[in-house]
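So you know, we letter chains A, B, ... as the sequences are listed, proteins then strands, and number each from 1.
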Protein chains: 2
Amino acid sequence: MKLATLPGGGADGRLVVVSRDLRRAVSVGGLAASMLDAVTRWAEIAEPLAELQEDLESGPCAGAFDFDAGACLAPLPRTWQWLDGSAFLHHGRLMERAFRTPPIPDFDTVPLLYQGAGDDLLGPCVDVAFADPAHGIDFEGEFGVVVDEVPMGVSADEALGHVLLCVQLNDWSLRTLGAREMRTGFGFLQAKPSTSFAPVALTPGELGSAWRHGRMALELHVQWNQQPFGKPSGAEMHFHFGQLIAHAAATRRLSAGTIIGSGTVSNADPASGSACIAERRVLEILQDGGPKTRYMAFGDRVRMEARHPLGAEAPFGAIDQRIVRAS
Amino acid sequence: MKLATLPGGGADGRLVVVSRDLRRAVSVGGLAASMLDAVTRWAEIAEPLAELQEDLESGPCAGAFDFDAGACLAPLPRTWQWLDGSAFLHHGRLMERAFRTPPIPDFDTVPLLYQGAGDDLLGPCVDVAFADPAHGIDFEGEFGVVVDEVPMGVSADEALGHVLLCVQLNDWSLRTLGAREMRTGFGFLQAKPSTSFAPVALTPGELGSAWRHGRMALELHVQWNQQPFGKPSGAEMHFHFGQLIAHAAATRRLSAGTIIGSGTVSNADPASGSACIAERRVLEILQDGGPKTRYMAFGDRVRMEARHPLGAEAPFGAIDQRIVRAS
């Protein structure tokens, strides 16, 4: 099943089912008030939604219309909880060198996540406003999952059964603020403004064999100002999403609609490039003694699109955004 | 205006206006679906709510009933964002000594907040379930505020104008997990399970002169298993709530309903006692070379009630909870 959220119907938007080729869509009508409502009542509406998907695929479908991915809001324009991991160890180790922070204890045996703000999640093509380029504006290409209600103490295997939807996202980061906030021990706040999402959220089954061991074996193609920047694969994620969910739910339950992010997708093979600027900069430091690549400037664009390794299909659609000065 | 949330009407509960003596209440009816709805549409409903308050105070009020504070949910049983500060410097400095974490940079000039989970906020009298006493179960008595929508880049003075409601809360903490999470730099997650709230949320004007310079000059009386544990005053808060809000909104907007906490209330005068166990333990370490007080055990109770320094009035009602083993 492929789902998206279009404007209308209030802050949570209105839910549509999207055809597998992302060309057409149909409103879910009275089935659910929004994507947040749908994931909260998943058990009762998953089947009618799947029937609507099949109607849309099989030909004429009453009320179907052309799907405008660029008009989408984030699949969940707001949600009760947004937790972002750092499950690609290659990325984490490079970041320690980039920002000269102490080695994170147990980094390869205990999953690492920070608590983010889920109150204002951005659609794939809106301009993104920042206060100051001196903050070190960077993108972070990631995958994520949306869960139903997860009980406290769930196991990693059981946790995978709570994954309802897969998403693709850009965890915008302000690097000069982030290094300082890490040293406080209290984690990120100013360094992590609103996060952007690709238009389509999909059930893991839609990925076929690319949903593998709780990871998304897709290449995340990142372009910065129309230039290829990286295409690392999600298959190299060290902890799978079930492990991240179980870690987050060890001492509390998670509400339906909680989003769990993978952290920046990153591969050991340098030919795969990077999904954030900070990673390229630290590679430049290691190779040449200093960074050559700047962070983002107002007017810059970033595009992110996950693709199956053996094809051009982009199951989530694309994030394609420009950054602007906050007014 | 004094407000509370009673069960019914879904996960957000139903909103009532509470009499100033906390004895009677009246449903807001069609004015607002919930407290979250009310703070989102505050400009249009504050006046009718205030009229309902005056009706309730002045005598017979259609539909009024006895107020059962013990039956309340948290004023906001869930909200889009929950950010907790550490604005009592005396507490912060003691915690560094307790957990041997490095000094937090700029602790007295830059406000410090962590991002918490707002998806599951607990009412004042429900049993609170924890997985394991070995996690170092501790309470943290705090004040907090609820804001309307705050624009990015707001000043500290302007931010005070966004405070709609004051609340009193217990930021439950798992100390053995927290020290580890601080060392990761990613902040608290497992160490901060669901937070508990006193039954009543009130407009700052209800506090009279005790709402002073953006702080609550109230004594927070804490009892652990019926024994007095501390009564520190909120007046010693180093950063005021406007400064905390402005810090949080420096790089992003805050949605209506965001809750900002003060951090553990703590005073320099040892006679005021403590609002968390960790603080008493570090004082014991400094005085006697080792801690004598244990953390909480299943079956323990904690009661927290803020009072005007010159009277017995408890404007928020009381948090009074028992901790139990998670099933």
Surrounding CZ of Arg180(B) (heavy atoms of other residues, nucleotides or ligands, distance under 6.0 Å), is the total greater than 12?
yes
Top of His135(A), Glu181(A), Arg78(A) for chain B proximity - count of heavy-atom pairs under 4.5 angstrom:
Arg78(A)
Nearest atoms (heavy-atom pairs only) where Phe188(A) meets Gln115(B):
O-NE2, 2.8 Å
Spatial distance of atom CE (Met182(A)) from atom OG1 (Thr184(B)) [nearest 0.5 Å]:
6.5 Å
What I'd like to find out is whether the side chain of Asp120(B) reaches to under 4.5 Å of the side chain of Arg253(A), using heavy atoms alone.
yes
Pick from Asp132(B), Thr40(B), Leu254(B), Thr251(B) with the largest number of heavy-atom pairs that fall under 4.5 Å of chain A:
Thr251(B)
Chain B shares the most heavy-atom pairs under 4.5 Å, among Ala249(A), Gly178(A), Gly118(A), Pro105(A), with Pro105(A)
Of the non-hydrogen atoms in Phe186(B) and Leu112(A), which two are nearest, and what is the gap between them?
CD2-CG, 3.5 Å
Tell me, for Thr79(B) versus chain A, whether the close heavy atoms (under 4.5 Å) come from the side chain, the backbone, both or neither.
backbone
Most contact-rich option vs chain B, by heavy-atom pairs under 4.5 angstrom, among Gly116(A), Gly153(A), Ala326(A), is Gly116(A)
With chain B, which of Ser255(A), Pro103(A), Gly257(A) has the greatest number of heavy-atom pairs at distances under 4.5 Å?
Ser255(A)
Are the side chain of Asp119(B) and the backbone N or O of Gln81(A) linked by a donor-acceptor pair below 3.5 Å?
no
Any chance you could measure Met152(B), atom CE, to Phe130(A), atom CZ, to the nearest 0.5 Å?
8.0 Å
Working to the nearest 0.5 Å, report the span between CZ of Arg252(B) and CG of Leu189(A).
5.0 Å
Please determine, among Val110(B), Asp84(B), Leu83(B), the option with the most heavy-atom pairs under 4.5 Å with chain A.
Val110(B)
Measure across His247(A) and Gln190(B) and return the closest heavy-atom pair with its distance rounded to 0.1 Å.
O-NE2, 2.8 Å
Contact winner vs chain B - Gly187(A), Ser194(A), Ala129(A), Ala191(A), heavy-atom pairs under 4.5 Å
Gly187(A)
To check you understand the geometry: which heavy-atom pair defines the closest contact between Ala131(B) and Ala250(A), and what is its length?
CB-O, 4.4 Å
If you count heavy atoms of other groups shown closer than 6.0 angstrom to CZ of Arg322(B), is the number above 12?
no
